[in-house]
Amino acid sequence: MTTIARSASPESNLATTVAAETIHYQVVHWITGRFRIRIPRLGVDAEYGARLLYIVGTLPAVTTARINPPARSLVVEYNPKLFGEALATVQGQIFESIQVAANPDLPVLAAEKAAPATESHEINYWERLGLSALGLGLSLGSLMGLPIPGYVIASVVIAGAMPVFKRAWDALQEEKQLTIDFLDGLAIALHTMQGHYFAPSFMLGLVEGGEVIRDLTARGSERANLNLLDCLGKTAFVERDGVEVEVEVKDIVEGDRVVVYPGDQIPVDGIVLRGTGLIDQCKLTGESVPVTRSEGMEVFASTLLVDGQLVILAERVGNNTRAGVIVGLMQAAPVHDTRIENYAAAVANRAVIPTLAIGTGVGLLSGDLNRAIALLTLDLGTGIRVSVPTTILSALTYAAQHGVLIRSGRAIEKLAQIDTIVFDKTGTLTQGHAGVTDIKVMDPRFSAEDILSMAASAEQGLTHPVAEAIVRHARETNVPLYDCEDWEYRVGLGVVTKVRGVDLRVGSRRMMDQENICLNELNERFPDLNSGRASLVYIAGDGHLIGVILYSDPMRNESPEVIRELKGAGITPHMLTGDVGRVARAVAKDLGIAPQNIYAEAFPEKKVEVVRSLHDSGKVVAFCGDGINDSAALAYADVSISFAGATDIARETADVVLMEDDLRGLTLAIRIAKQAMEIVWQNTAIVAIPNIGALLSGIFFALDPILAVVINNGTAILAELNGLRPLTGPGGALPLPPVKDTKEFLAEWEATHPEHPVQHIPPQHRSV
């Protein structure tokens, strides 16, 4: 049995301890109507979070509940009137829920709750294909001798062909152009008038089937409504008339004093009036390490307060914040047609008038309507219009099965063409979180392991990324951790404590200055410490510096390989980052990115400017990023790439989403796209060569209409079968992401996550 300390509710004088069997937690914030509980397990076990969210959501007095994984916290909003005098009872229910949710056999899961109905954009297959399939069946029945009246078959065929006639009419009215639909409609009508039902119904089935397949590859042409406030909480706390009240975020006005608690996103741009906090700005500015903000300093909306408490004077709200400007830039970007380019229109439509003229001329000169119909049947559009979307859909399917979501056919086209790719650094080329890189010893009485052990002992229990990195590194290297005496955390500075009899100060240079710790010897012995990509944590013992821990945002393991393969494929990599030039240059050097292709301290407007400049110079540009600060550049790129774990706005803006959080998915996507486009042009040749050959033969010799249908539709079927090849996967030099077997994965997990046993593997990884 473990006793867990928690803060008391201001609304009650309940005891400050609660019994817990397995799940540790701490109440970090509680006011009327709202409280936050920090539960470390929420950061590593999404399934536990889903169960907990469901259980808490069923409590009568709870109005809303949400989980903030980065802050490892549960936020509960409740109706104080419903709590009444039963507050203690309901508190007990919530604390009990934290333990109950740990049961993996619990039958109630958030996923099992009935989800609200969402708007459906599914294709009505019966409406689109039913009549053409019925016409084909009736015509086959007639050929087999069944007594089916001809007018019945003709009616079904003509009714099924109405979409073809409508598209032809719309093109004639709106574009003043005869399209392939006009040729198809004319051939269907003439065949039917002659009493030949099989050929037109077969043609109709292929035409409409191709249209449906093509529509399946389309991404909606309207962008999702990306409201800035959707990225924030729905409510916030403001001080009005000396009282802290909860208001809707949209109701905050300039001049309000906004109160922000640990784990909350800051809802406004403004100046800190009171308090000191550690803020994660990674998703907005690209900075990989959290920053300290105190009185008089500026903070921005959509950044996360990791620790501390702030009172902020709101200077800009809503769409006037820096994040709001980013959304505006993104929405102002050109909206490309996400439906694949209609190769039938591009290639076959140009042949409509010549084919129509040739068919009419041959019919008039020979006096044989069948010869004219045969020539009209030999269009290029049917085969291309069927095979192209089949190829694209096959490529999309294979990509999705291998962890890459490509949203549209247009994205495949552009991926196959890119010659330049711009990467955001933080979270894209790097891992997006701090990691220990080195330890410098200043006192010969201590080893590097001693320095790490004392620092990790002092930092354990803290939730900010640097502390977690130090503790994680200590556990990975099997360094022992010790109990602390007189422990004190100073927000923005570090920790003051005593470990193994040593009076420790673990923190920033600012803490060392305040504690009068001399750093001259460090600067003399290691003059290059401040010139690389690493940042420093200072460790002082008994009044003097005993060591320094270097940390940085480590590179993704696959990044150098991906950059090398892209360069080998003739694609030039560029790097944009909000980090300082020193860090950017060091990362780029390690990756092999040319110095002239580095853009440091780049705010969102600069990122858009770089992408547009490259595009205007004639490059086909891809942009790969994951933060709010990347969304505008993503929208302006020819093709945009992000990760499943990216911010909502970046993920929604992206044309390609790497679901496995592995940058090698990008090289896979490029291979898939190149193969798909090669097959598209192969299919164009498969369709065009036989049809053009038959067309030329039909000018000089009589060509039976049925034979024309066989040639035309036979090549279409052959091309469509060829269009299924992407389902077998692409070849080429760019490597597929390796698939780990179960033993390999579990061994790696145990080595890198000793604090979280195998049973805590996140659900998204359990499929292996």
Side-chain angles (χ1 to χ4, degrees), residues 29 31-34 36 64 66 68 71 75 77 225-287 290-333 491-492 578 601 603-608 627-632 635 647-650:
H29 164 61
I31 66 169
T32 303
R34 182 177 187 265
R36 177 186 300 278
T64 62
R66 63 184 175 88
N68 189 333
V75 181
E77 297 179 7
N225 179 22
L226 298 174
N227 190 326
L228 167 65
L229 300 184
D230 289 341
C231 298
L232 307 174
K234 298 300 181 184
T235 62
F237 294 94
V238 299
E239 292 181 352
R240 290 181 178 169
D241 300 323
V243 179
E244 186 175 313
V245 296
E246 186 174 15
V247 301
E248 297 284 333
V249 169
K250 61 183 178 62
D251 294 332
I252 298 176
V253 297
E254 294 177 5
D256 272 339
R257 294 172 176 240
V258 181
V259 184
V260 184
Y261 293 94
D264 283 343
Q265 284 187 302
I266 297 173
V268 298
D269 287 0
I271 300 297
V272 177
L273 295 177
R274 297 196 307 273
T276 300
L278 190 68
I279 298 175
D280 184 355
Q281 299 188 145
C282 174
K283 297 302 182 184
L284 183 67
T285 66
E287 295 172 87
V291 297
T292 301
R293 293 292 182 261
S294 55
E295 184 176 337
M297 303 179 76
E298 189 174 18
V299 294
F300 302 103
S302 298
T303 57
L304 179 69
L305 181 62
V306 177
D307 219 330
Q309 181 175 328
L310 300 176
V311 177
I312 302 166
L313 177 64
E315 292 189 327
R316 294 181 296 277
V317 299
N319 292 330
N320 292 324
T321 62
R322 177 179 290 184
V325 170
I326 296 171
V327 174
L329 283 170
M330 187 275 302
Q331 291 176 331
V491 176
E601 299 180 51
F603 288 107
E605 298 87 347
K606 176 66 174 178
K607 293 186 177 184
V608 170
I628 295 174
N629 59 319
D630 300 322
S631 54
T647 57
D648 291 343
I649 193 171

As an exercise, state the distance from [atom1] of [X] to [atom2] of [Y], rounded to the nearest 0.5 Å.
{"X": "Ile252", "Y": "Ile312", "atom1": "CD1", "atom2": "CD1", "answer": "9.5 Å"}
{"X": "Asp256", "Y": "Glu239", "atom1": "CG", "atom2": "CD", "answer": "10.0 Å"}
{"X": "Asp269", "Y": "Glu254", "atom1": "CG", "atom2": "CD", "answer": "10.0 Å"}
{"X": "Ile271", "Y": "Arg293", "atom1": "CD1", "atom2": "CZ", "answer": "10.5 Å"}

### Query
CD of Glu295: more than 12 outside heavy atoms within 6.0 angstrom?
no
### Task
Please name the residue in the list Val311, Val259, Leu310, Leu313 that meets the side chain to side chain contact (heavy atoms under 4.5 Å, CB included) test with Arg274.
Val311
#### Entry: Candidates Val317, Val299, Val238 - the one meeting side chain to side chain contact (heavy atoms under 4.5 Å, CB included) with Val268
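Of all the options given, the one that passes is Val317.
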### Query
Shortest non-hydrogen contact from Asp251 to Arg240?
O-NH2, 3.6 Å
#### Entry: Under 3.5 Å donor-acceptor, Asp280 side chain and Pro290 backbone
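Such a contact is absent between Asp280 side chain and Pro290 backbone.
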### Query
Who passes salt bridge (charged side-chain N to carboxylate O under 4.0 Å, His left out) against Glu248, sequence neighbours left out?
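By the salt bridge (charged side-chain N to carboxylate O under 4.0 Å, His left out) rule, Glu248 matches no residue at all.
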### Task
Only counting residues at least two apart or in another chain, list the ones meeting salt bridge (charged side-chain N to carboxylate O under 4.0 Å, His left out) with Arg257.
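Partners of Arg257 under the salt bridge (charged side-chain N to carboxylate O under 4.0 Å, His left out) test: none.
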### Message
When you compare the side chain of Pro267 with that of Val260, does any pair of heavy atoms fall below 4.5 Å?
### Response
yes
